[in-house]
Amino acid sequence: MNILIIGSGGREHALAWKISQSPLVDTVWSAPGSPGMNEIGPCFDLKANDIEGLCQLVSQLEPDLIVVGPEQPLADGLADRIRGMGFDVFGPSAAAARIEASKGFSKDLMAKYGVPTAAYQRVTNFEAASKFLDTLEAPYVLKADGLAAGKGVVIAKTRQDADIAAKSMLAGQFGDASAELVIEEFMTGEEASVFVLTDGTNAVLLPAAQDHKRAYEGDKGPNTGGMGAYAPAPVMTDELTQQILETIIEPTLAGMRAEGCPFQGVLYVGLMMTDEGPKVVEYNCRFGDPECQVLMMGLEGDIVPIILASSTGGYSATDFARLAPGGGFQPAATVVMATKGYPDDYPKGSTLNGVTTANRLEGVKVFHAGTDIDADGGLMAVGGRVLNVTAKGQTLDQAFQRAYSGVNAINWPEGFYRRDIGWRVRTDFEMPADVETDEPGEA
Ligand code: AMP
Ligand code: GLY
């Protein structure tokens, strides 16, 4: 079969890489793809949010399956359009993508169907915001309702900061996305993300992954899309997994069905392990990036049958579970290399050396997140997050040793990375003396 992947990041490169290993798959096409994805199969120069262009490409290529990586085209209805043309697609409808694209929708869903989460209120003016903030204690959590490229959450330490944030968000700090806010209670605990492959009814859970959102070591600095990740996250025991399935995943999927928008694809559930048990921080309607990279690296069996079954539906619970990738999961880690300046402005066009050398190391694979080919045919950086140096090992320690050997093989003076990815779980790790650590639980 032939599969078309939509997107160009490290997440999509990892998906293309894993999917191409399936004995069921002949060709993996990508749009727009990347130099890394171009090594796997042909790329088509169309932006991931060019809905019309992508629909035309689908009718030309007639893929057996289309896998949509990022959230924006899903929120814009790409999966609905492609399904309407009679093709199978891995990704939710626009109505189901509201689980990510509207925080208000997702909080109302949780409230209605009894999914544990932080107490909240939806507000559209400062008076209402202020009134609800009066009922909370510091720190305060304010979220833009709409998609804001992972930047729409503000954690304010004082009431004064919360007021300032509420005013500026409502005044359009995140454009239309923050015309409405969700204000919620602050939760404390360890965070982890679970990824659920689902046809809307049946669900298969992948191992839990942990991301590092802050730009700098010691979990300092501004929030980013993610500077590194690992899986499995030891915080997730079998008992917790079962509890999460029963108290969170099942009611969420049932709620979506009852609302008339069953969720098909991969549901990303961000969780906080609070003293009162696991609670939902947020949902996303797609794989995490860079969490996807470690999941694809660690999964030993074939991922294509379950992706296909999620896309088509119609399986019994037993048949669906049987299609889950067999062979277990090897511990995996990824370190993001980003252009200096990210997540603010950064230059483009610097030369990347050593990627081929890194790829030759045992257990190491470098996924491209923001690269292009320069005039001389060399590899250059064109994004904020540029490379995801990913590795697997017998243990998480080994996976990290290998990933950092890959990082060391790469020569890119204009880039930076965090040395402390996985600090909570690496038994051989000591925080470098020059790194100040932050209080846990801060975003
Ligand atoms: P989100 O984009 O909703 O995942 O939020 C980004 C980050 O903000 C999360 O990963 C958490 O670290 C933090 N966060 C969001 N909501 C809360 C909350 N209610 N309590 C504590 N931290 C939160
Ligand atoms: N790594 C966080 C995200 O993909 O939203």
Side-chain angles (χ1 to χ4, degrees), residues 7 9-12 14-15 69-72 74-75 99-107 110 116-121 132-133 136-157 162 165 169 174 177-178 181-195 208-215 219 222-231 233 266-276 278-295 334-336 338 343 367 369 384-385 388 421 438-443:
R11 166 180 54 203
E12 289 79 17
L15 284 167
E71 63 276 15
Q72 190 68 55
L74 292 167
I99 203 162
E100 170 169 5
S102 166
K103 301 255 186 214
F105 171 85
S106 79
K107 295 296 287 192
M110 290 186 261
T117 188
Y120 76 106
Q121 181 123 3
F132 187 63
L133 286 166
L136 301 175
E137 282 169 25
Y140 303 91
V141 183
L142 299 97
K143 301 184 174 183
D145 176 70
L147 292 179
K151 295 184 183 129
V153 176
V154 174
I155 313 268
K157 287 195 177 130
M169 289 169 93
F174 300 103
S178 63
L181 306 181
V182 166
I183 298 182
E184 60 181 45
E185 167 203 13
F186 183 81
M187 301 185 282
T188 47
E190 195 166 338
E191 286 186 61
S193 302
V194 295
F195 294 88
Q210 193 118 21
D211 182 15
H212 293 65
K213 286 200 165 71
R214 297 290 202 103
D219 289 328
N223 266 334
T224 70
M227 292 299 293
Y230 60 88
V266 56
L267 180 66
Y268 165 151
V269 188
L271 297 162
M272 187 81 78
M273 308 306 160
T274 74
D275 292 342
E276 295 161 16
K279 293 189 181 181
V280 175
V281 178
E282 63 162 351
Y283 298 107
N284 294 307
C285 65
R286 36 88 193 166
F287 271 115
D289 184 345
E291 293 93 325
C292 182
Q293 288 82 314
V294 292
L295 294 174
T334 191
V335 178
V336 172
F367 295 119
R385 293 188 295 173
N388 307 145
I421 301 302
D438 213 342
E439 292 148 30
E442 275 193 79

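Each ligand, and each atom within it, is numbered from 1 in the order the structure gives. These values consider heavy atoms only, across backbone and side chains, with no hydrogens, waters or symmetry-generated copies.
Contact annotation for Glu291 and ligand 2: only side-chain heavy atoms (C-beta onward) come within less than 4.0 Å of the ligand. If you look at Lys213 next to ligand 1, the close heavy atoms, those under 4.0 Å, all belong to the side chain. Heavy atoms of Glu282 found under 4.0 angstrom from ligand 1 belong exclusively to the side chain. At a heavy-atom distance under 4.0 Å, no atom of Met227 approaches ligand 2.
Within the 4.0 Å heavy-atom cutoff, Lys213 does not count among the residues contacting ligand 2.
Scanning the protein for heavy atoms near atom 3 (C) of ligand 2, the closest one is Arg286 NH1, 3.4 Å.
Each of the atoms 4 (O) of ligand 2 lies under 4.0 Å from some heavy atom of Gly288. Near Glu184, the atoms of ligand 1 lying under 4.0 angstrom from a non-hydrogen atom of the residue are 16 (N), 17 (C), 18 (C), 19 (N). Short contacts between ligand 1 and Lys103, defined as distances under 4.0 Å to a heavy atom of the residue, involve ligand atoms 1 (P), 2 (O), 3 (O). Atom numbering of ligand 1 starts at 1 in the shown order; those under 4.0 Å from a heavy atom of Val141 are 16 (N), 17 (C), 18 (C), 19 (N), 20 (N). Interface atoms of ligand 1 facing Met272, defined by a heavy-atom separation under 4.0 Å, are 21 (C), 22 (N). Each of the atoms 20 (N), 21 (C), 22 (N) of ligand 1 lies under 4.0 Å from some heavy atom of Phe186. Atoms of ligand 1 lying under 4.0 Å from any heavy atom of Lys143, numbered from 1 in the order shown and given with element: 3 (O), 15 (C), 16 (N). Per-residue contacts place Gly225 under 4.0 angstrom from the following atoms of ligand 2 (heavy atoms of the residue considered): 1 (N), 2 (C). Atoms of ligand 2 lying under 4.0 Å from at least one heavy atom of Asp211, given by number and element, are 1 (N), 2 (C).
Side-chain atoms of Tyr268 and Glu100 form no donor-acceptor pair, as typed in the model, at a separation below 3.5 Å. Of the N and O atoms on the side chains of Thr334 and Asn388, not one donor lies less than 3.5 Å from an acceptor on the other residue.
The closest heavy-atom contact to atom 14 (N) of ligand 1, among the options Asn223, Val281, Ile183, comes from Val281.
Some N or O of Met187 is nearer than 3.5 Å to an N or O of ligand 1, by distance alone.
Not a single donor-acceptor pair under 3.5 Å links the side chain of Gln210 to the backbone N or O of Ala233. Distance alone, capped at 3.5 Å, is enough to place a donor-acceptor pair between the Lys107 side chain and the Ala118 backbone. Side chain of Glu291 to main chain of Asp289: a donor-acceptor pair is present (N/O by atom type, distance under 3.5 Å, no hydrogens or angles). Looking at Arg385, its side chain never comes within 3.5 Å of a backbone N or O of Met227 through a donor-acceptor pair.
We find the SG-CD distance between Cys285 and Gln72 to be 9.5 Å, quoted to the nearest 0.5 Å. To the nearest 0.5 Å, atom CZ of residue Phe287 and atom CD of residue Glu71 are 14.0 Å apart.
Ion pairing between a basic and an acidic side chain is recognised when a charged N comes within 4.0 Å of a carboxylate O; Lys103 and Glu184 show no such pairing.
Across Val280, Val281, Thr117, a single residue satisfies side-chain contact (heavy atoms from CB on, under 4.5 Å) together with Met272, and that is Val281.
Scored by the side chain to side chain contact (heavy atoms under 4.5 Å, CB included) test, Ala215 finds Pro222, Thr224, Pro343 as partners (sequence neighbours excluded).
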